[in-house]
Amino acid sequence: MEYKFREIEAKWQKHWKETNAYNVNNNSSKPKYYVLDMFPYPSGAGLHVGHPLGYIASDIYARYKRLKGFNVLHPMGFDSFGLPAEQYALETGQHPAETTKKNIATFKKQLDKIGFCFDWSREVQTSDPSYYKWTQKIFLELFNSYFCDTCKKAKPISELVKKYETQGGKHFTAEQWNNSSEAEKEEWLMKSRLAYSSYGEVNWCEALGTVLANDEVVNGVSERGGHPVVKKKMRQWYLRITAYADRLLEGLEKVDFSESMKEMQRNWIGKSEGAEIEFNINLTPNPSPSGEGQKTISGYRTTSVEQWKFLLEFAKQNRKNATEAENALWQEVRNRKIKNCKFRKQHPIAGFIPDFVCLEKRLIVEIDGEYHDTKEQKQYDEAREQWLKEHNYQLIRFTNEEVLNDMPNVLQQLGEALSFGEGLGEVLKVYTTRPDTIFGVDFMVLAPEHDLIQTITAEEQKIEVENYIAYVKSRSDRERQAEKNISGVFTGAYAVHPFSGKHIPIWISEYVLSGYGTGAIMAVPCGDERDFKFAKHFNIPITNILGKHFNGTEANASKDIVLENSDFLNGLQMKEAIEVAIKKIEDEGIGTRKINYKMRDAGFSRQRYWGEPFPIVWVNGIAKALTENDLPLELPHVDKYKPGPEGEGPLANIKDWINLPSPKGEEQRVRYKRESSTMPGYAGSSWYFLRYMDPHNNKELVSKEASDYWNSVDLYIGGTEHAVGHLLYSRMWTKVLYDLGYIGFDEPFKRLLNQGMIQGSSRFVYRVAGTNEFVSFGKISEYKVQPLHVDVNIVDGVELNIVEFKKCRNGEFANATFILEDDGKYICGSEVEKMSKSKYNTVNPDDLCEQYGADTFRMYEMFLGPVEQSKPWDTKGIEGVHRFLKKLWRLFYSDNNFTNGQQVDGKPIWTSDAPTPEELKVLHKTIKKIDDDTERFSYNTAVSAFMVCINELAELKCYKKEILEQVLILLTPYAPHIAEELWHVLGNETSVLDAAYPVYNEAFTKETSKEYPVSINGKLRTTITFSLDAEQKDVEPIVLSNEIVQKWLEGKQPKKIIFVKNKMINVVV
RNA sequence: GCGGGUGUGGUGAAAUUGGUAGACACGCCAGACUUAGGAUCUGGUGCUGCGAGGCAUGGGGGUUCGAGUCCCUCCACCCGCACCA
């Protein structure tokens, strides 16, 4: 009899459905096992061969675990909220609910054809109100909770309120709290809620009147239509995922995810440890003591070297011959007596010598005697004042009389003058992971958005700074990130080094990001590549703290260097210096140890229609949560999906939904308005694995009994594309629900397996430009051709089926002519691309199931290679798997034959005879191999082991029930339909789904002898068979007397004979 | 640039602990049965050489009696992150 897979598969699929063969219940004495697939978004395109790869892998494992005696939960559902359905609605006017329903039906039909063992009675759809009621409920929990920093977990916000009322908070007393308005309190609580509302930037496209997702914006314009997109601040909801950063990191230690997956998450969280250091800001620098130093940047020198020497003599003279008034004032200002400012006497500046100068504040004090009144003197003074003004010096004059008679007034004026620029006393905070390099700081860099820029920029740098900021603003984020050119501008201000007192110029550059750390860095050019390049580009002198490890031509970022030129850190290894530096910084009160994360809080608002509505009502601008009784807050039905005004979502257009009347008894002018945005796609998918446990519960999101029984997912299979999105969010939600006592575990997925992506293998034909003539791939170089995608399904390998080609695309190529290869074939070009309809490289699983059957399809997908590996799809080769199943079939049935001109079906040929030792050996070898391979998801080798088994049984002409029955059970997870059919052919009445898994018995596979490979000097020369218990002393004489060994020894004595029992023999000459 | 991964026949790939490299398939070659076959079966198939043999796991080096596997180094490709201080 023939293997009629279509009939067989239809028959058993129907049977399993009718008998609810895949339904699981929550009460079982068996151990539980939870196998989960990442549920799909039901797109309109339906399934292609890439989708089922992971589903088949999980299905095999689920069935395998069931056979091994587990109560297996293996559900499926749909992530059915999302943007594509809404865009489709915008284009066609079809309601997303309808298209979604249609798509889900298609998906289910396709999935069922492949014969998955999903328990459809537990199906969930995220867009179903009975489901999203609970998504909204979890949102309320997030809104009504805060993260307690001391116990590191979520707690009800009411506890925080109670604390504020009785003890106050960090920034206010209990009394202040209690006297605050409701709005003030709410605003403050928003800073703690796990789901909070705040102002954030969105991509606003004026022309489309809508907000766009990041990937809908390309190069600053909208992907659709190319309209300009700007950043716009809007009220947005956020999830405080940053509060969980540490626990999300720690949790990775106890889950079984691939290393790359964990790294991706760690990378995304981006934890770094270091210090936040405060630098005082100063407008002007200390001069170098002698006024020398050609290397110093503009403003650092007060005079030229030549003049300095010349003027110094005058200065000395003047100091000796100081007037009475000068001496009097000197006594008042020396030793930083006034405002802690350093004054110098007779310090040469440019070509003159002022009486006093405070260089830090650029303040010059002159005490005038009589001779200043002459005309020449006045002109000279004016010129000098002009020069000083241009160079940002402030000049203040006193007469001798004022100084001698009214000192308090003089000092007050001086004090006021020195206050100039105060408030710049504000500190510059930087974040660094390398506080050990603090003595290598040569400049500071602020992000162009930094708040301090306005305050600290020196007068003479204002224009340059403004130009630079304007330039930065003109560039998109993308440009700023893509471009590696060094740009920046000096602010004219200086920071004071907290240890050395050195004055460090403050620059602005776009290479510093405003969003990370403090938006400002201390630059250590000898140890950081970017700082180094910046220093070189702007000619900033570089301090070397690395000694010989810094060569002056590139930065050395190593952490294994002993520091030099670093004061109290000298001689320390950098790694220990980090600790020493942080300690000192903390002790001196100039900074703190600080941990930073790259991860930002997750934006949770979408200005869209097709998502969960927020259970929030805004009452005069204060967000009020609905209660659980108000849920679900159903998505109102709309006919139009156009965005709302000012970037709001379409819901804002539905006036009678969005606006609520004030409750009775309240003032009617109070505005009640619903939240108009909806939740993002990941809301529903962040907890669906919990709902499967208890999908019909209308009292709770999941009962404690159900979640305690099923616990976390034992095996989760899906693609890597969710590495940081879905997986982080669902891990966070799980932790919150755990903290709040809803569930008893805080990691959702114990083990994660990532299936590889199946790429498309596209085929091309080459049309001679401007004609309807097609050139075969081998000859395209002779013509000017234009490649066209051709449907892979009409290409056999690379050979085009010309007849089918002429029929495709509505006969567009019906009259095509061809330039063929010399052997008369048309050969197509090929390329690996993403599988997509537009590239004509999709292969539909339905077609393959129709042509070869679901069992063949399942096994072939697994046979392609390791599940985790990405590979292009190639239908060639599926025949091999199909042949294998037919061969299996022939172990049960004889071939059809022709008798008297009539086809007679073959008869069952299996027997109840006792198996031979050879047959048992084949069986038990297979049991061991299949069991091992399935357990470690090595499905490709398992399929090959089945082939080996069937090949060997066919060779042995083994038709024995005792053997075949066991093989069928092993095969059930891989090819359930044929297994069930043949199981019944053998006379079984129950389903093979619940058969007892075969037990491996080593006794049947034990060998008595082993064919040892014999190598001479490591090269294999022959094999000799020895009994298994043979020892070295037994084998040596036999090996040495072996003819081939003798030949290779060439009469020499062997140095050594290596004998590894059960492995090999190596003779060393 | 950083992190993770991969490199093995004409192709997809095996080799779980350092121990007979290429299992199992596809494809190809030859043959059998057939009116025919894209059905089924048998045999062959890494490269090279008439042969004994030699050469082969991205390249180079090392450790070892023995290396696809371990170490060093270089190269190529894929994935993720990307001015994160």
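Everything quoted here is computed from the prediction, not taken from an experiment. Chain letters run A, B, ... following the sequence lines, proteins first and then strands; every chain starts at 1.
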For this session: Quickly work out the A:E510 CD to B:A85 P distance and round it to whole Å.
Result: 19 Å

Exercise. For B:A14, which nucleotide in any strand shown is its Watson-Crick or wobble partner with both distances under 3.5 Å?
Worked result: none

Problem set entry | Phosphate contact (B:A25 OP1 or OP2) by A:N951 side-chain N/O below 4.0 Å | yes

For this session: Report, as a single string ordered 5' to 3', how protein heavy atoms within less than 4.0 Å touch nucleotides 33-53 of chain B: B base, S sugar-phosphate only, - not at all.
Result: ------SSS----------SS

Problem set entry | Glycosidic conformation of B:G31, taking syn as within 90° of 0 and anti otherwise | anti

Exercise. To the nearest angstrom, how far is A:Y597 atom OH from B:C81 atom P?
Worked result: 21 Å

Problem set entry | Euclidean distance for P, B:G7 against B:C70 (whole angstrom) | 11 Å

Exercise. Taking the six-membered ring for Trp, is the centroid-to-centroid distance between A:Y939 and A:Y974 below 6.0 Å?
Worked result: yes

Exercise. Parallel under 30°, tilted from 30 to 60°, perpendicular over 60°: which one fits the rings of A:F884 and A:F946?
Worked result: tilted

Problem set entry | Whole-angstrom distance between B:C50 and B:C41, as gauged at atom C1' | 33 Å

For this session: Assign each of A:R600 and A:I1058 to its nearest nucleotide of RNA chain B by heavy atoms, then name whichever residue's nucleotide is nearer the 5' end.
Result: A:I1058

Problem set entry | Rounded distance (Å) that lies between atom C1' of B:G80 and atom CG of A:L752 | 15 Å

Problem set entry | Interatomic distance at P, B:G54 relative to B:C33, whole Å | 42 Å

Exercise. Considering heavy-atom distances to RNA chain B, does A:K1019 or A:G515 have its closest nucleotide positioned more toward the 5' end?
Worked result: A:K1019

Problem set entry | A:Y1012 vs B:U20: side-chain N/O to OP1/OP2 distance below 4.0 Å | no

Exercise. What integer number of Å spans the C1' atoms of B:U8 and B:G3?
Worked result: 26 Å

Exercise. Do A:T543 and A:D442 have side-chain N/O donor and acceptor atoms under 3.5 Å apart?
Worked result: yes

For this session: Could you measure between the two C1' atoms, the one in B:U20 and the one in B:A67, and give it in whole Å?
Result: 14 Å

Problem set entry | Distance flag, aromatic centroids of A:F857 and A:Y852, threshold under 6.0 Å | no

Exercise. Which whole-number value in Å describes the distance from A:E554 CD to B:G1 P?
Worked result: 12 Å

Exercise. When rounded to the nearest Å, what value does the distance between C1' atoms of B:A21 and B:G68 take?
Worked result: 8 Å

Exercise. Taking the P atom of each, how far is B:G10 from B:C78, in whole Å?
Worked result: 22 Å

Exercise. Once the angle between the rings of A:F550 and A:F532 is folded into 0 to 90°, is it parallel (under 30°), tilted (30 to 60°) or perpendicular (over 60°)?
Worked result: perpendicular

Exercise. With sugar-phosphate meaning primed atoms plus P, OP1 and OP2, does A:S1015 contact a base, only sugar-phosphate, or nothing at under 4.0 Å between heavy atoms?
Worked result: nothing

For this session: Please list, chain by chain and in numerical order, all residues satisfying ring-ring contact (aromatic ring centres under 6.0 Å, His included) with A:Y1000, sequence neighbours excluded.
Result: none

Exercise. Looking at B:C81, does its base get a donor-acceptor pair with the side chain of A:N267 below 3.5 Å?
Worked result: no

For this session: Provide, to the nearest angstrom, the distance between the CD1 atom belonging to A:I504 and the P atom belonging to B:A85.
Result: 20 Å

Problem set entry | Per-nucleotide protein contact string for nucleotides 9-15 of chain B, where B marks a base within reach and S marks sugar-phosphate only (heavy atoms under 4.0 Å, - for neither) | ---BSSS

Problem set entry | Pairwise C1' distance for B:G46 and B:A23, with rounding to whole Å | 14 Å

